[in-house]
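This report concerns only the one structure given below.
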Amino acid sequence: MTSDASQSSSTSPSSSTSQSSAPEEAGTSAPESTYRYSRFYRISAFAQSGVAGLLAIMALWEVFSGSGLLNWLWAAGLLLLALQGGYESVRTLLSVFYLTGDRLRQERPFHADKDIPLGEVRRMFIGRRSVEICVSPGPEPDLEFVERWLEGGDELIGKLARRLPPDAEIECPSGEVASRLAGRT
């Protein structure tokens, strides 16, 4: 147990991609690449959480200072908006992606991890900003990320394209990643 903790603490959080041993529960021994959103976007997630905290203090001030009901409702409404925005921002921008030889895993705060077996991917859509990966036949993606905001996002797309099954559909309407996908077998 202590060796697992020392391995995870040795990975630098500031590097865009890092190599480490794949977790045993994933069932693969291939090295793992780690992708995070850039520092700017991670900081903005913390900033939104800070704004929500300030608005919470303001709402409590309104309640305990004897302000009128209208002021209290106004502060409570702002607090709810800030909490919703902060929650969405934190769960997206603080997520971490791990790519192994046969899986892509997304760890997100406040949500269960998403684990996508690459051999089961049916479709990968590469839009102007986001990438959607579909395993199930429905229209909703099983996993998506904003490629432009990820450190090493271009590298991740190239690796994903090479590891997908040959019958997986890769769709890129802009054509800007055609050169990265040309080497796909």
Side-chain angles (χ1 to χ4, degrees), residues 5 8-9 11-18 20 23 25 32-99 103-116 121-157 160 171-174 176-177:
S8 64
S9 64
T11 305
S12 171
S14 62
S15 66
S16 61
T17 60
S18 60
S20 64
E25 64 268 4
E32 187 174 271
S33 298
T34 303
Y35 301 90
R36 292 175 173 79
Y37 285 97
S38 71
R39 182 175 302 234
F40 172 77
Y41 294 107
R42 290 193 315 258
I43 289 172
S44 70
F46 289 117
Q48 280 190 321
S49 298
V51 168
L54 291 174
L55 287 172
I57 291 170
M58 188 177 84
L60 289 173
W61 177 264
E62 293 293 331
V63 168
F64 293 116
S65 69
S67 296
L69 181 62
L70 187 59
N71 285 342
W72 186 85
L73 288 175
W74 176 79
L78 280 178
L79 174 62
L80 288 175
L81 287 174
L83 287 174
Q84 175 64 27
Y87 170 77
E88 291 296 325
S89 177
V90 164
R91 87 179 175 104
T92 300
L93 298 177
L94 296 183
S95 60
V96 180
F97 298 87
Y98 298 99
L99 179 65
R103 297 192 171 285
L104 177 63
R105 187 176 75 245
Q106 179 186 23
E107 293 181 357
R108 303 179 301 167
F110 311 124
H111 284 301
D113 297 347
K114 291 184 178 181
D115 191 38
I116 304 293
V121 172
R122 295 176 182 221
R123 184 173 71 88
M124 181 167 85
F125 176 81
I126 305 166
R128 295 189 76 192
R129 289 184 5 161
S130 66
V131 175
E132 299 175 353
I133 299 173
C134 300
V135 174
S136 54
E140 292 297 316
D142 294 295
L143 188 142
E144 65 181 312
F145 58 90
V146 181
E147 169 213 2
R148 305 277 190 248
W149 297 356
L150 276 180
E151 294 176 338
D154 290 337
E155 173 187 319
L156 175 60
I157 288 176
L160 279 173
E171 191 178 335
C172 179
S174 70
E176 82 180 70
V177 295

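Below, all heavy atoms of this structure are taken into account, side chains as well, without hydrogens, waters or symmetry copies. Treat the numbers as computed from the prediction; the structure is a model and nothing was measured.
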Exercise for the section: Return the minimal non-hydrogen interatomic distance between A52 and L83, and the atom names on each side. Expected result: CB-CD2, 3.9 Å
Exercise for the section: Taking all non-hydrogen atoms of both residues into account, name the closest pair between P139 and R123 and its distance. Expected result: O-NH2, 4.4 Å
Problem - Contacts of S89 that satisfy side chain to side chain donor-acceptor pair (under 3.5 Å) - sequence neighbours left out - result: Q48
Completion exercise
F125 meets the ring pair (Phe, Tyr, Trp, His ring centres under 6.0 Å) criterion, sequence neighbours left out, with none
Problem - Which residues share a side chain to side chain donor-acceptor pair (under 3.5 Å) with E132, sequence neighbours left out - result: none
Completion exercise
The reported gap from OG in S136 to CZ in R122 (rounded to nearest 0.5 angstrom) is 7.5 Å
Completion exercise
When every non-hydrogen atom of R42 is compared with those of L93, the smallest separation belongs to CG-O, 3.5 Å
Handout entry: Check: I133 and L160 side chains under 4.5 Å, non-hydrogen atoms
Key = yes
Problem - Contacts of V90 that satisfy side-chain contact (heavy atoms from CB on, under 4.5 Å) - sequence neighbours left out - result: A45, S49, L94, P109, F110
Handout entry: Any residue meeting side chain to side chain donor-acceptor pair (under 3.5 Å) with E144, in chain and number order, not counting sequence neighbours
Key = none
Practice task
Under the ring pair (Phe, Tyr, Trp, His ring centres under 6.0 Å) rule, collect the residues that match up with F145, sequence neighbours excluded.
Solution key: F97
Exercise for the section: Identify the two heavy atoms, one from D113 and one from R108, that lie closest to each other, and give their separation to 0.1 Å. Expected result: OD1-N, 3.9 Å
Completion exercise
For Y35 and G152, the nearest pair of non-hydrogen atoms, with its separation, is CE2-O, 3.4 Å
Fill in the blank from the handout: To the nearest 0.5 Å, atom CD1 of I157 lies from atom CG of L150 at 8.5 Å
Problem - Verdict with reasoning, L55 to L81, per side chain to side chain contact (heavy atoms under 4.5 Å, CB included) - result: CA-CA 10 Å; L55 287 172; L81 287 174; over 6 Å; no
Handout entry: Distance (rounded to the nearest 0.5 Å) between Y87 OH and T92 OG1
Key = 9.0 Å
Handout entry: Atom pair CG (L143) and NZ (K114), whose distance is rounded to the nearest 0.5 Å
Key = 5.5 Å
Exercise for the section: Considering only NZ, NE, NH1 and NH2 on the basic side and carboxylate oxygens on the acidic side, decide whether R103 and D115 come within less than 4.0 Å. Expected result: yes
Problem - Heavy-atom pair of closest approach, residues S44 and Y41 - result: OG-O, 2.7 Å
Practice task
Measure the spacing between CG of L104 and CE of M124 and express it to the nearest 0.5 Å.
Solution key: 10.0 Å
